[in-house]
Amino acid sequence: MAAPVEIAPGCLWWAGWLDRGGQESLAEELREILIRAPLFTPRMPRTGTPFSVRMSNCGPLGWVSDETGYRYQPTHPETFEPWPAMPDVLTRTWAELAQTALAPEACLINWYAPGARMGLHQDRDEREFTAPVLSLSLGDTAVFRIGGTSRKDATRSIRLESGDALVLSGPSRLAFHGIDRVIAGSSTLLKQPGRINLTLRRVNPGDAGEIPPP
Ligand code: MD6
Ligand code: FE
C-alpha cells in the first residue's frame with residue numbers, strides 16, 4: 001500500500017487508490033445499484049431547499065435528508081426498498097484503510113452533475129466517532145476543501161481525482177469539509193460529465209463481539 005499524504009491531522013489521502021480497471025468495475029456495479037436504488041434529491045431540514053447533489057446509498061443503512069431532518073434509515077425514501085448490498089471492493093477498501101475493527105454500515109453515493117457543489121459541513125449524524133469516514137471518488141475531478149472542527153478555522157484545498165481515497169479520522173473526523181466545484185470533462189471514466197463520491201461510515205456503536213481481544 002502506498003503511503004498516504006496527511007493533508008490535515010487525521011485527513012489521509014491516497015491518490016490513485018483504485019486503478020483504471022478497478023474504477024471501471026466499481027462504476028459498473030454502481031450503475032446496477034442505482035437502477036435498484038435510484039438517485040433522489042435530498043432537501044434541507046426545515047426549509048426543504050433541494051441539494052444540488054443527488055444521492056443514493058448501499059449497505060445496511062443509508063443517509064437521507066428532508067424537511068424533518070438528517071438521519072440514517074434501512075430503506076430508500078422513495079421506493080421504500082432496502083438499500084442494495086455494498087460492493088465487495090468497498091468493504092475491502094475499508095478493511096485496508098479504515099484502521100478500525102468496526103464494519104461499515106452505510107455507503108452514501110453522491111452524484112455531482114456539472115455545477116453541483118457541497119457546502120462546508122461536518123459528518124456528525126453517526127453515533128460512533130471512533131471509526132473514520134472513508135471516501136472514494138470516481139469521474140470528474142473535484143476541488144475538496146477541509147478545515148478544522150470550527151467553521152472559522154483556516155482551510156486548504158486539494159483536487160480529488162477519479163480513483164482517489166480519502167479518510168477523515170482522529171482530529172479530522174469532525175472537521176468541516178466540502179466540495180467547491182467539479183471540473184466538468186476532466187475524466188473519461190463515466191459515460192457523462194459529472195462525479196460520483198462514495199462515503200463509507202460506521203453509524204452505530206460496536207457490539208462487544210466486534211471488538212477483538214487485546
Ligand atoms: C465529496 N465528501 O467528496 C464530499 N465526508 O463529494 C465528503 O463530504 C466527505 O470526502 C466525509 C469524509 C470524506 C469525505
Ligand atoms: Fe462529508
Side-chain angles (χ1 to χ4, degrees), residues 4-18 23 26-27 30 39 41-42 44 51-57 59 61-65 70-72 90 93-94 97-100 102 104-149 151 153 155-184 186-187 189-190 193-203:
V5 174
E6 188 164 25
I7 62 171
C11 177
L12 307 175
W13 179 27
W14 287 264
W17 171 256
L18 286 180
Q23 295 170 39
L26 177 55
L30 291 170
L39 291 168
T41 298
M44 288 297 289
F51 287 40
S52 61
V53 175
R54 295 168 71 216
M55 296 183 175
S56 187
N57 291 273
L61 293 173
W63 188 87
V64 302
S65 179
Y70 305 133
R71 63 192 173 276
Y72 284 95
L90 300 183
T93 298
W94 177 273
L97 302 186
Q99 299 273 319
T100 174
L102 303 176
E105 296 178 292
C107 174
L108 174 62
I109 304 167
N110 287 152
W111 167 250
Y112 294 76
R117 55 184 298 282
M118 186 171 301
L120 277 188
H121 66 276
Q122 294 170 295
D123 285 38
R124 58 170 196 195
D125 299 322
E126 301 73 32
R127 297 172 52 225
E128 172 60 67
F129 296 110
T130 65
V133 180
L134 184 154
S135 105
L136 278 174
S137 294
L138 293 175
D140 285 339
T141 299
V143 180
F144 174 84
R145 179 187 296 278
I146 178 148
T149 53
R151 198 176 270 283
D153 290 341
T155 61
R156 66 169 291 190
S157 298
I158 58 168
R159 287 181 178 222
L160 284 181
E161 295 185 7
S162 195
D164 289 4
L166 187 90
V167 159
L168 292 190
S169 64
S172 281
R173 174 63 183 77
L174 290 169
F176 279 89
H177 60 279
I179 296 291
D180 291 347
R181 62 198 172 89
V182 172
I183 302 167
S186 49
S187 164
L189 182 73
L190 306 176
R195 171 173 183 263
I196 296 170
N197 178 260
L198 306 173
T199 42
L200 280 76
R201 298 107 187 282
R202 176 73 192 195
V203 178

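These figures come from a predicted structure and were not determined experimentally. In what follows, every heavy atom counts, from backbone to side chain, and hydrogens, waters and symmetry copies are set aside. When a ligand or atom number is given, it counts from 1 through the structure's own listing order.
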A.B. asks: Can you name the one residue among N57, D123, D125 that meets side-chain hydrogen bond (donor to acceptor under 3.5 Å, both in side chains) with W63?
C.D. replies: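 It is D125; the other options fail the test.
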A.B. asks: Where is the tightest heavy-atom contact between P114 and P193, given as atom of each residue plus distance?
C.D. replies: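 So the two residues come closest at CD-O, 3.6 Å.
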A.B. asks: Quick one: which ligand 1 atoms are inside 4.0 Å of a heavy atom on V133?
C.D. replies: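 Answer for ligand 1: 11 (C), 12 (C).
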A.B. asks: Run the numbers for me: atoms of ligand 1, each under 4.0 Å from some heavy atom of D123, listed by number.
C.D. replies: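 Ligand 1 atoms under the 4.0 Å threshold to D123: 5 (N), 11 (C).
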A.B. asks: Do you know the tightest heavy-atom contact between S135 and T199?
C.D. replies: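 So the two residues come closest at CB-CG2, 3.6 Å.
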A.B. asks: Checking R173 against F129: charged group under 6.0 Å from the ring centre and within 45 degrees of the axis?
C.D. replies: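 No, cation not above the ring by the 6.0 Å, 45° rule.
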A.B. asks: Closest to the Fe ion (ligand 2), which N/O/S atom of D123 is it?
C.D. replies: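 Atom name of the closest N, O or S in D123: OD1.
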A.B. asks: Near F144, which atoms of ligand 1 are under 4.0 Å from a heavy atom of that residue?
C.D. replies: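 By the 4.0 Å cutoff, the relevant atoms are 10 (O).
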A.B. asks: Going by the atom numbers of ligand 1, which of them fall below 4.0 Å from some non-hydrogen atom of T199?
C.D. replies: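 Listed by number with element: 5 (N), 9 (C), 14 (C).
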A.B. asks: With a cut-off of 4.0 Å, which atoms of ligand 1 are near a heavy atom of S135?
C.D. replies: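 Those atoms are 10 (O), 13 (C), 14 (C).
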A.B. asks: Under the salt bridge (charged side-chain N to carboxylate O under 4.0 Å, His left out) test against E126, which residue among R201, R202, R71 passes?
C.D. replies: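 Only one of R201, R202, R71 forms a salt bridge (charged side-chain N to carboxylate O under 4.0 Å, His left out) with E126, namely R201.
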A.B. asks: Would you mind listing which atoms of ligand 1 come within a distance below 4.0 Å of any non-hydrogen atom of H177?
C.D. replies: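 Once the distances to H177 are compared, the set is 5 (N), 7 (C), 8 (O), 9 (C), 11 (C).
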A.B. asks: If you count the atoms of ligand 1 from 1 in the order shown, which ones are under 4.0 Å from a heavy atom of Y112?
C.D. replies: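 Reading through ligand 1 atom by atom, the close ones are 1 (C), 4 (C), 6 (O).
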A.B. asks: Looking only at heavy atoms, what is the nearest atom pair of R156 and I7, with distance?
C.D. replies: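 Heavy-atom minimum between the residues: CD-O, 3.3 Å.
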A.B. asks: So if I count the atoms of ligand 1 from 1 in the order they appear, which ones are less than 4.0 Å from some heavy atom of H121?
C.D. replies: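 Result: 8 (O).
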